[in-house]
Structure formats: structure tokens, C-alpha cells
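Worksheet: the structure to be examined is printed underneath.
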2 protein chains.
Amino acid sequence: MRAAIPFVSQENPEKERVWLETLSKYLPDEAILPLDKLSEGERQLADVAIVANPDPQALKQLPNLVWVHSVWAGVERLVNDLSEQSFSIVRLVDPQLQEAMAEAVQAWSLYLHRDMFEYAKLQRQATWQPLPYVPASARTIGVLGLGELGRASAERLLATGFNVIGWSRNEKIIDQVTTYTGDEGLETVLKSSDIVVCLLPLTKDTRGLLGFEALAMMQPGACIINFARGDVIDEEALQYALNTGQLKHAVLDVFAIEPLPKSHPFWTHPNITVLPHISAQTNIDSACQIVAQNIRNYRLLNLLPDVVDTKRGY
Amino acid sequence: MRAAIPFVSQENPEKERVWLETLSKYLPDEAILPLDKLSEGERQLADVAIVANPDPQALKQLPNLVWVHSVWAGVERLVNDLSEQSFSIVRLVDPQLQEAMAEAVQAWSLYLHRDMFEYAKLQRQATWQPLPYVPASARTIGVLGLGELGRASAERLLATGFNVIGWSRNEKIIDQVTTYTGDEGLETVLKSSDIVVCLLPLTKDTRGLLGFEALAMMQPGACIINFARGDVIDEEALQYALNTGQLKHAVLDVFAIEPLPKSHPFWTHPNITVLPHISAQTNIDSACQIVAQNIRNYRLLNLLPDVVDTKRGY
């Protein structure tokens, strides 16, 4: 008999139930169980686990793991808290997630481009005031992070008519997108963009990357979208840039603390659009199909998907 | 010497000045003058006029007009008030206007699709509440009116990932879009659409077309976008549909009376997004280039562009 597969999450019980049901549907030959339902023997045997933003410490109960499959794309918590772990980490790469993210980048770029937040303010004042129209071809959008999500987003923005430039840790080539790397490259992208879209993974190098210095490089009146991780932007520096008018507006889907606490000043800031981490929601069904295929490949062929490079953190 | 060309508008003086300057720049060999600057003899001689939403009665001062070139796309006021006029009416067909409109349709469809108005309400309540994500491929958008603007919009919506259907007076063929005509066709489109986008010209047939009966055919919880003319929708019927929850949200860029009066209930309606007629703003520079080319063709070759069919009204 093959080892049971522990499912380790901090999701609420209802959501955990849906995950377990859907995983079992696509892996009918496997026993997939919440960690606390495994016997001590089963914990010793487990070679693979499926995880959804787990408490990293919980994984220490599984000493013989070869790998864990995250159903999330972001795995910074696992990487940071388990720097000496001996197992490999696989994160979710889901084309549906990429589509949802690229669509969100397109949607909220158009939201900024077409002054929707300004018109909402004018509506609250019952003020009829057309604002000058700027064609998309006169706007430059800078995408920070050019992995699967960044690439799909850049391509959508191009198709929408914007000029697109990009920045990433390693050099990336995307048709019709001028791409940059390094500190100087970041400065160029920040200085040239009307809208900066942050899709960077959270690593030791990107934590607080967009702080006072970086935000001051941006064009006066530029806008920023953060769909990556809250800690990539220094919240204090962002508030300063918005309050001084250096930046016009920020669309934030991610925050240092989530859910964003009721008392947090971002909720009521006139130049911040707060979203509850919805830019690319996991589609449980498609995520489980991908996880199932990866686990079948491991069982049958002993093949692992691309694993996270824990040194760089993604 | 050729006849002076009267410019007849009700624009404010500053905007009228910009129109005259830009037209003169692209038609350096013509004398383009505001109507009240023409002598009686020049009024008699004028065979062509350029108009920007003019008082139709003012044109009666130009008895020998062969045609007028509107710098607006909508010409319903001219057609309705001058049913017995002897001159032809040419309306602006500007690819830049089509692009701006198609972009607006895309932008506000994504605004509805991605629940931006709901998230704005939640932000005002400091409530962290992710809403279920529906992929664009599971949404159907119905475009009413498939002229230049409707076609460009339908193609943008397709490229964004939505299912698109359409309705028009005359049968139109658009790749990947199922199109309908007639009363039954309208019913089909209204019943099948999650979002209805109105791009119909205002004519005697379309005035009040979207009234109590039509709106009641729409799917419960559907949304509507009106970027055409206010009078195509019965405002009372729309309010009723929104208040009863039959419709979820309306994005309105056009109104029976513009600017929308300060006291109008739409300004404060929680389920109406009010825009100040900005979905496709005229680009004066590109409009003047198009008008100039049409007038040159007329002077040199005696060619007129497509004229408005005053019976159907567009």
C-alpha cells in the first residue's frame, strides 16, 4: 500500500473540506488526509504532502518528505521559515491563474488609465467634469516581475494598446517589451512609467524594494498597482508618496497584514483602492487537476515538476 | 474666390476658438468663420458648413447649403429638427473615436466583470470580503448597435475573453459574434446577456427602446452600460429595475439632460456609475484632419463622403 498524502493548510474547515474533496476526486487512488488524521506511522511514511499556506512548523511532523506541492503560487512563508528543510517545494503554476492575473492587471490598468477613481470622486460631489482623454498609446506601463504572471500581464497590456516595459531579476525577452534588470534598470522603469505594476515574488531582495527612494524616482502623478505581496512595498513610504502628491493613486490587493485590519488608514485613504486579495483567486478545481497530474507523474515516473530555488526564493 | 465655410456650434468660446484654429491649420486655403462673422452675401454663397452640435435653426440662415459636416458622430438633433432640410449631413467617422469607444466598452465591462463597484462599497465599509471569481469565458456581453463603434467594441470584448453577441437594425456579420435583428432578436440578446452594452444611435425607433418591458427581459442581476444616447433608455424604467434588484448595476455616460442636473437621483444611486459623457471624447486634432480631407475631396473632385440616411436617422 502506498503512503497516505497529508494535506496541510490553515484554511477554514469549509474550504479545507472542498480542497480535500476535489483533490480526492482527481486522485481517486490516493488517500489524502488532513495532517491530524494521520497516524504516527503514516507521518513517518509520507514522502509527498499537499499544502495550502501551511504553518511551516507543522511540516516538521513529516520527517521523510521528498517534496511538498503548494496549491498557492506564492511560497515565501515556506521558504523563509524552513531554510534548512530537506524537501523540495513545488508551487502552483496554473494557466487559469495566469489568465485571471493578466485580466486583473488589464482591468485595473484601464481603471487608472480611464480615471475611474477620479470620476467616482466627482460623482460623490455630483460634479459633471470631463477629464482630458489620453490615448493608451501615450501611456507607458512598467511591469516589475516577468515570471509567468508578469509575462501574461505584459502581453495583455500590449494588446490593450499600452506601451509596456518590464523589469526582472534575470533577463527576460518578451516581444515588443523593452526589459531591464539590475538597480539601474529598475530606476529606468520607475522613471519611465505612468503606471507601475508590481508582480514580484517576495524574497529577501524584494522585501521593501519599493520604499522611499524607489517611489521618489517615479514620475510625479504616476500610479502603482500591487498584486504581488504587501511587503514588497513599504507602506509608510507609499502613504508619504500619495500624501505629497508624488503618486496619484495606488491599487492594492495585498498588504503586510491580511485581512487588512479595520483600523488601517488605507481603507479610508482617498487615493488608495483597497482590494481583498482577489486579483487572481485560486480556482480550486483547476488547481487540483494540476496537482493531481504532478503527483501521478511522481508516482508513476518518479518525476518532479520544477521546484522552487530556495536560495532566490521562488 | 471660393465661398467661406461657416462653422456653426454651441461650444463655449474657448473650445470654438480651438476648433477654428485647428480646422484652419488643416485647411489653409479655406476661410472658416463663425456663422455670425459671415456677411449676408457669404451666407448666400455657402455650399458647405462645418457643425458641432449646432442649433438646427441657425442653419436656416444658409439657404444654399449642399452639405454639412458634423464633427460629432451623433447627429440626431440635426436630423430630427430639420426633417425637411435640403442639404446632406455627414457625420464624423474617426478611427481614433472608435478606438476610444471600444476601449471604454472594454474598460467598463471589466469594471462590472471584476466587481469594482462592489469592492468600492466594501472598502467604504472597511470590509475584507473576497467575492467569487467568474472567468470572462463564462460571461456573455450583448452589444446593441453594430455600426463602426459597436463592431470595434465587440472585437475588443472578444479579445478580452468574453462571449459576445450583438443586435442591430440591419443584419451584420462579425466573426465569432452571433448577431440578431428584429424584436425577437432583441429579446434573445437581452435574455442571454450578463452585461448589455448600448451603442445604438438615437432615432424614432430607438427612443425609449430600453423601457420597462425590455429591462424586465434581462437576466436577474445583469448589468447595463449606456454609451450611446440617454434617451435610448427610459430613466424611470431603469431606476425601477435597479431598485427592485432586477438589474445589479448601470454604467451611464449619457443622459436625457446633459450635464446631468445636480439634483438628479442618479448621482447618489448606489447602483449607478455616473460618467460625464467621456466614453469617446472627440479628438479635435484627428477630427479636423478627417473633416479637412473630406472637404478637399469635395472641392477638388466634387466627392461627398457617406451621408446620413435621414429616414433611418444615422
Side-chain angles (χ1 to χ4, degrees), chain A residues 96-97 99-100 102-104 106-120 122-137 156 159-162 251 253 255 258-264 266-269 272-283 286, chain B residues 96-97 99-100 102-104 106-120 122-137 156 159-162 251 253 255 258-264 266-269 272-283 286:
Chain A
Q96 288 210 26
L97 202 73
E99 271 316 293
E103 181 189 270
Q106 178 185 39
W108 273 279
S109 293
L110 285 167
Y111 168 86
L112 295 171
H113 166 57
R114 294 299 299 240
D115 301 309
M116 292 190 194
F117 57 98
E118 297 279 7
Y119 285 124
L122 289 166
Q123 179 173 354
R124 286 198 288 279
Q125 302 158 11
T127 298
W128 183 275
Q129 174 66 61
L131 302 170
Y133 175 67
V134 177
S137 60
R156 275 249 188 178
T160 314
F162 296 108
V251 175
D253 189 45
F255 304 90
E258 294 180 18
L260 190 65
K262 275 271 185 195
S263 60
H264 198 287
F266 283 2
W267 283 115
T268 53
H269 198 292
I272 296 179
T273 298
V274 172
L275 300 172
H277 206 140
I278 51 76
S279 53
Q281 291 172 281
T282 303
N283 179 324
S286 82
Chain B
Q96 288 210 28
L97 202 74
E99 271 315 292
E103 181 189 270
Q106 178 185 41
W108 273 279
S109 293
L110 285 166
Y111 168 85
L112 294 171
H113 166 58
R114 295 298 299 241
D115 301 309
M116 292 190 195
F117 57 97
E118 297 280 9
Y119 284 124
L122 289 167
Q123 180 173 353
R124 286 197 289 279
Q125 302 157 11
T127 298
W128 183 274
Q129 175 64 61
L131 303 170
Y133 175 68
V134 177
S137 58
R156 276 249 188 179
T160 313
F162 296 107
V251 176
D253 189 45
F255 304 89
E258 293 180 18
L260 190 65
K262 274 270 183 195
S263 60
H264 198 287
F266 283 2
W267 283 116
T268 53
H269 198 293
I272 295 180
T273 298
V274 172
L275 300 171
H277 205 140
I278 51 75
S279 54
Q281 292 173 282
T282 303
N283 179 324
S286 82

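A quick note: this is a predicted structure, and the numbers were derived from the prediction, not measured. Note on naming: letters A, B, ... go to the chains in the order of the sequence lines (proteins, then strands), and numbering restarts at 1 for each one.
When the candidates S109(A), P132(A), S279(A) are compared by the number of heavy-atom contacts under 4.5 Å with chain B, S279(A) comes out ahead. Options K262(A), R156(A), E99(A), H264(A) differ in how many heavy-atom pairs under 4.5 Å they form with chain B, and the most are formed by K262(A). Options D115(B), T127(B), L122(B) differ in how many heavy-atom pairs under 4.5 Å they form with chain A, and the most are formed by T127(B). When the candidates Y119(A), W267(A), W108(A) are compared by the number of heavy-atom contacts under 4.5 Å with chain B, W267(A) comes out ahead. Each of L110(A), T268(A), L275(A) has some count of heavy-atom pairs under 4.5 Å with chain B, and the biggest count is that of L110(A).
With ring centers used as reference points, W128(A) lies under 6.0 Å from F255(B).
The contact between A104(B) and chain A is made by backbone and side chain atoms together, counting heavy-atom distances below 4.5 Å. Heavy atoms of A136(A) lying under 4.5 Å from chain B belong to its backbone as well as its side chain. Looking at S263(A), neither its backbone nor its side chain comes within 4.5 Å of chain B, counting heavy atoms on both sides. Heavy-atom distances place both the backbone and the side chain of P130(A) under 4.5 Å from chain B. In this structure, chain B has a heavy atom under 4.5 Å from the backbone of F266(A), while its side chain stays farther away. In this structure, the portion of H113(A) lying under 4.5 Å from any heavy atom of chain B is its side chain and not its backbone. Both the backbone and the side chain of T160(A) come within contact range of chain B, each with at least one heavy atom under 4.5 Å from a heavy atom of that chain. Of the two parts of P261(B), neither the backbone nor the side chain holds a non-hydrogen atom closer than 4.5 Å to a non-hydrogen atom of chain A. If you measure heavy-atom distances from Q125(B) to chain A, the contacts under 4.5 Å come from the backbone alone.
A side-chain donor-acceptor contact under 3.5 Å links R114(A) to the backbone of I278(B).
When every heavy atom of I272(B) is checked against every heavy atom of Q123(A), the shortest pair comes out as O-NE2, 2.9 Å.
Tested against Y133(A), the residues E103(B), Q96(B), Q281(B) include a single side-chain hydrogen bond (donor to acceptor under 3.5 Å, both in side chains) partner, E103(B).
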